Visitor: 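Below is one structure. I have some questions about it.
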Amino acid sequence: MKYTTRPQAILLLADGTIFYGKSIGISGTTFGEVCFNTGMTGYQEIFTDPSYFGQIMVATNPHIGNYGVNAYEVESEKIMISGLVCKNFSFNHSRPDSESNLYDYFEKQNLICISDVDTRALVSYIRDNGAQNSVISTDGTSIEELKKQLANVPDMKGLELASKVSTKEPYFFGNENATFKISALDLGIKRNILRNLAKRDCYIKVFPYNTSFDDLKAFNPDGYFLSNGPGDPEPLEQVQETAKQMIASDKPIFGICLGHQIIGLANGISTYKMFNGHRGINHPVMNVLTGKGEITSQNHGFAVNREELENHQDLEITHYHINDNTVAGMKMKSKNCFSVQYHPEASPGPHDSSYLFDDFIANIKQDKFQEV
């Protein structure tokens with residue numbers, strides 16, 4: 001067995017902290033907000049989730065790449081993270097149905113990765129000091145030069161990123177002869193959300209993030225869906241106006257993650273950037289309506305203001321995060337509209353939250369057949 005050495009690489013944080021590691025062999029420099037995900041599996045779904053666009057991902061699982069990749073386990077057409085930080089990067093894979101190793105997958109898309117990092121120390125540091133911009137360099141660029149470049153990277157607060165990941169043209173998903181039609185606004189939609197809607201007898205037309213309400217309405221949908229996505233929701237003023245028109249239409253509405261925040265903003269509820277955010281597949285949520293807990297998959301760095309929501313006459317909290325009491329779900333009292341801050345399509349519980357899609361369909365059925 002031939003022994004090979006790998007070049008040194010660094011992770012530089014905006015506050016000047018440096019973590020050292022090794023390059024997996026793809027040379028370059030990449031920037032993004034550093035964050036961590038506590039999931040022990042599902043790394044390919046994480047890497048391709050549009051909600052992670054503009055972020056450098058730290059994997060808390062010490063082994064990444066050990067089960068390879070396959071074409072089905074993706075949430076979009078390409079890798080969305082800006083870079084990866086991990087402890088042990090596996091160049092070999094041992095799962096029978098994997099189609100390739102992770103290194104080849106990264107190399108094809110030029111994804112910069114630093115391994116052999118003390119990720120336990122890094123995650124502890126991020127937890128104490130908050131998410132911040134960072135840079136991975138595997139090409140030998142000097143630290144002083146990296147600091148200059150990093151200083152020019154915009155903060156996530158105030159950054160509009162939905163336009164970077166949304167579809168450019170409308171497209172259809174599902175069976176065109178399905179019973180229900182859904183107009184989905186793509187702010188960074190995950191493919192498994194579309195699968196969950198399609199298997200519930202829905203035909204979905206997916207629209208670009210800046211589509212007007214008139215164009216969404218022209219599909220003659222039975223309901224509207226506002227998707228997940230990356231970045232700060234506040235700059236998405238046109239999307240907020242579209243959401244207001246959706247709400248005024250009295251059609252059933254379902255929002256997930258960024259879509260949840262947009263619905264809050266459309267109702268005058270402010271959002272804020274969290275110190276670290278929630279990212280992982282083991283986040284506990286309490287369903288206020290049923291009194292049952294749910295194990296959920298979460299990926300967000302912004303949240304709606306709980307105090308404002310509690311004082312709102314037409315909104316009520318339906319779910320909250322057990323660890324920090326942040327809002328995890330809400331619904332309108334006068335409209336057929338609800339949303340959650342987590343991802344029911346990921347079903348890590350394994351199926352604790354999949355009922356939310358059923359609730360959406362039940363709302364559509366009640367509205368659709370009431371009209372007949």
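Just the heavy atoms: all of them, side chains too, but no hydrogens, waters or symmetry mates, feed the values below. Since we're looking at a predicted model, the values are computed, not measured.
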Visitor: When rounded to the nearest 0.5 angstrom, what is the spacing between CG in Leu84 and CG in Leu102?
Guide: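 One gets 7.5 Å once the value is rounded to the nearest 0.5 Å.
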
Visitor: Quick one: do the Asp49 and Asn299 side chains pair a donor with an acceptor below 3.5 Å?
Guide: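 Side chains of Asp49 and Asn299: pair found under 3.5 Å.
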
Visitor: Give me each pair satisfying ring pair (Phe, Tyr, Trp, His ring centres under 6.0 Å) with a member in residues 194-218, each pair once, sequence neighbours excluded.
Guide: Phe172-Tyr203, Phe213-Tyr224

Visitor: Give a yes-or-no answer on whether the side chains of Thr38 and Asn282 include a donor-acceptor pair shorter than 3.5 Å.
Guide: yes

Visitor: I'd like to know if Val74 and Met80 are part of one continuous hydrophobic network [Ile/Leu/Val/Met/Phe/Trp/Tyr, side-chain heavy atoms within less than 4.5 Å].
Guide: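 Met80 and Val74: separate clusters.
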
Visitor: Could you label the plane-to-plane angle of the Phe225 and Phe360 rings as parallel, tilted or perpendicular, counting under 30° as parallel and over 60° as perpendicular?
Guide: tilted

Visitor: Atom CG of Asn210 and atom OG of Ser163: how far apart are they, to the nearest 0.5 Å?
Guide: 8.5 Å

Visitor: Enter the distance from Asn152:CG to Lys147:NZ here, rounded to the nearest 0.5 Å.
Guide: 14.5 Å

Visitor: Please give me the minimum heavy-atom distance between Lys368 and Thr179, naming the atom from each residue.
Guide: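 Nearest pair, atom of Lys368 first, then Thr179: CE-O, 3.8 Å.
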
Visitor: Using the benzene-type ring in the case of Trp, are the ring centres of Phe173 and Tyr171 under 6.0 Å apart?
Guide: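 Ring centres of Tyr171 and Phe173 not closer than 6.0 Å.
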
Visitor: I want to check something: taking the side chain as every heavy atom from C-beta on, are Arg279 and Gln55 in contact at a cut-off of under 4.5 Å?
Guide: yes

Visitor: Count the heavy atoms belonging to other residues, nucleotides or ligands that lie under 6.0 Å from OH of Tyr20, then report whether that count exceeds 12.
Guide: no

Visitor: Check this for me, if you would: do Lys87 and Asp116 make a salt bridge, where the nitrogen-to-carboxylate-oxygen distance has to be below 4.0 angstrom?
Guide: no

Visitor: Walk me through it: do Asp324 and His278 pass the test side-chain hydrogen bond (donor to acceptor under 3.5 Å, both in side chains)?
Guide: CA-CA 10 Å; Asp324 60 10; His278 298 147; 2.7 Å; yes

Visitor: Restricting to non-hydrogen atoms, name the atom on Ile112 and the atom on Ser27 that form the minimum distance, rounded to 0.1 Å.
Guide: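 Minimum heavy-atom separation between Ile112 and Ser27: CD1-O, 3.8 Å.
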
Visitor: Can you check whether Asn110 reaches Ile26 side chain to side chain, under 4.5 Å on heavy atoms?
Guide: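 Heavy-atom side-chain distance check passes, below 4.5 Å.
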
Visitor: Under a 3.5 Å threshold, yes or no: a donor from one side chain and an acceptor from the other, between Asp186 and Thr167?
Guide: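 No.
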
Visitor: If you count heavy atoms of other groups shown closer than 6.0 angstrom to CZ of Arg127, is the number above 12?
Guide: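 No - once you tally the heavy atoms of other residues, nucleotides and ligands closer than 6.0 Å, there are 12 at most.
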
Visitor: How close do His343 and Ile256 get, heavy atom to heavy atom, and via which atoms?
Guide: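 Closest heavy-atom pair between His343 and Ile256: ND1-CG2, 3.9 Å.
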
Visitor: Do Asp352 and Tyr342 have a side chain donor and acceptor closer than 3.5 Å?
Guide: no

Visitor: Quick one: list whatever passes side chain to side chain contact (heavy atoms under 4.5 Å, CB included) with Glu73, sequence neighbours left out.
Guide: Gln44, Glu45, Tyr67, Asn70, Arg95

Visitor: Please list all pairs meeting ring pair (Phe, Tyr, Trp, His ring centres under 6.0 Å) that have one or both residues in residues 125-159, counting only residues at least two apart or in different chains.
Guide: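 Found none.
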
Visitor: Restricting to non-hydrogen atoms, name the atom on Cys113 and the atom on Phe89 that form the minimum distance, rounded to 0.1 Å.
Guide: SG-CD1, 4.0 Å

Visitor: Through direct or indirect side-chain contacts below 4.5 angstrom among Ile, Leu, Val, Met, Phe, Trp and Tyr, which residues connect to Tyr272?
Guide: Met274

Visitor: For this output row, return yes or no: ring centroids of Phe254 and Phe357 closer than 6.0 angstrom.
Guide: yes

Visitor: Which residues pass the side chain to side chain contact (heavy atoms under 4.5 Å, CB included) test with Asn101, sequence neighbours left out?
Guide: His93, Tyr103, Asp104

Visitor: Answer yes if the side chains of Asp214 and Ser212 hold a donor-acceptor pair under 3.5 Å, and no otherwise.
Guide: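 Ser212 and Asp214 do not have a side-chain donor-acceptor pair below 3.5 Å.
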
Visitor: Are there over 12 heavy-atom neighbours, none belonging to Lys181, within less than 6.0 Å of that residue's NZ?
Guide: yes

Visitor: The criterion is side chain to side chain contact (heavy atoms under 4.5 Å, CB included); which residues satisfy it with Lys273, sequence neighbours excluded?
Guide: Glu33, Ala131, Met156, Lys157, Phe302

Visitor: Does some side-chain heavy atom of Asn196 sit less than 4.5 Å from a side-chain heavy atom of Lys199?
Guide: yes

Visitor: Between the main-chain N or O of Pro233 and the side-chain N or O of Gln240, is there a donor-acceptor pair closer than 3.5 Å?
Guide: yes

Visitor: So, Arg306 side chain and Asn325 main chain: donor-acceptor pair closer than 3.5 Å or not?
Guide: yes

Visitor: Are Phe106 and Ile46 linked, directly or through intermediate hydrophobic residues, by side-chain heavy-atom contacts shorter than 4.5 Å (ILVMFWY only)?
Guide: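 Yes: a chain of side-chain contacts under 4.5 Å links Ile46 to Phe106.
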
Visitor: Say whether Met57 and Leu13 are linked into one hydrophobic cluster, either directly or through other cluster members, by side-chain heavy-atom distances under 4.5 angstrom.
Guide: yes

Visitor: Quick one: do the Asp139 and Ser137 side chains pair a donor with an acceptor below 3.5 Å?
Guide: yes

Visitor: Using only heavy-atom distances, determine whether the side chains of Thr296 and Gln298 contain a donor-acceptor pair under 3.5 Å.
Guide: yes

Visitor: Is it true that the side chains of Thr48 and Arg191 contain a donor and an acceptor less than 3.5 Å apart?
Guide: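 Per modelled atom types, Thr48 and Arg191 side chains form no pair under 3.5 Å.
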
Visitor: What heavy-atom pair brings Ser353 and Pro344 nearest, and what distance separates the two atoms?
Guide: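 Residues Ser353 and Pro344, closest heavy atoms: O-CB, 3.2 Å.
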
Visitor: Could you tell me whether Lys148 and Glu144 make a salt bridge, using a distance below 4.0 angstrom between a side-chain N and a carboxylate O?
Guide: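 No.
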
Visitor: Would Tyr52 and Asn37 count as having a side-chain donor-acceptor pair, cut-off 3.5 Å?
Guide: yes

Visitor: Within the 3.5 Å criterion, strictly below it, is a donor on Glu241 or Gln245 matched to an acceptor on the partner's side chain?
Guide: no

Visitor: Where do Ser82 and Ile56 come nearest, in terms of heavy atoms and distance?
Guide: CB-CG1, 4.1 Å

Visitor: I'd like to know if the side chain of Ser249 reaches the main chain of Met246, judged simply by a donor and an acceptor atom lying under 3.5 Å from each other, with no hydrogens or angles considered.
Guide: yes

Visitor: Where the side chain of Asn228 meets the backbone of Gly188, is there a donor-acceptor pair that is under 3.5 Å apart?
Guide: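 Yes, Asn228 side chain to Gly188 backbone: donor-acceptor pair under 3.5 Å.
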
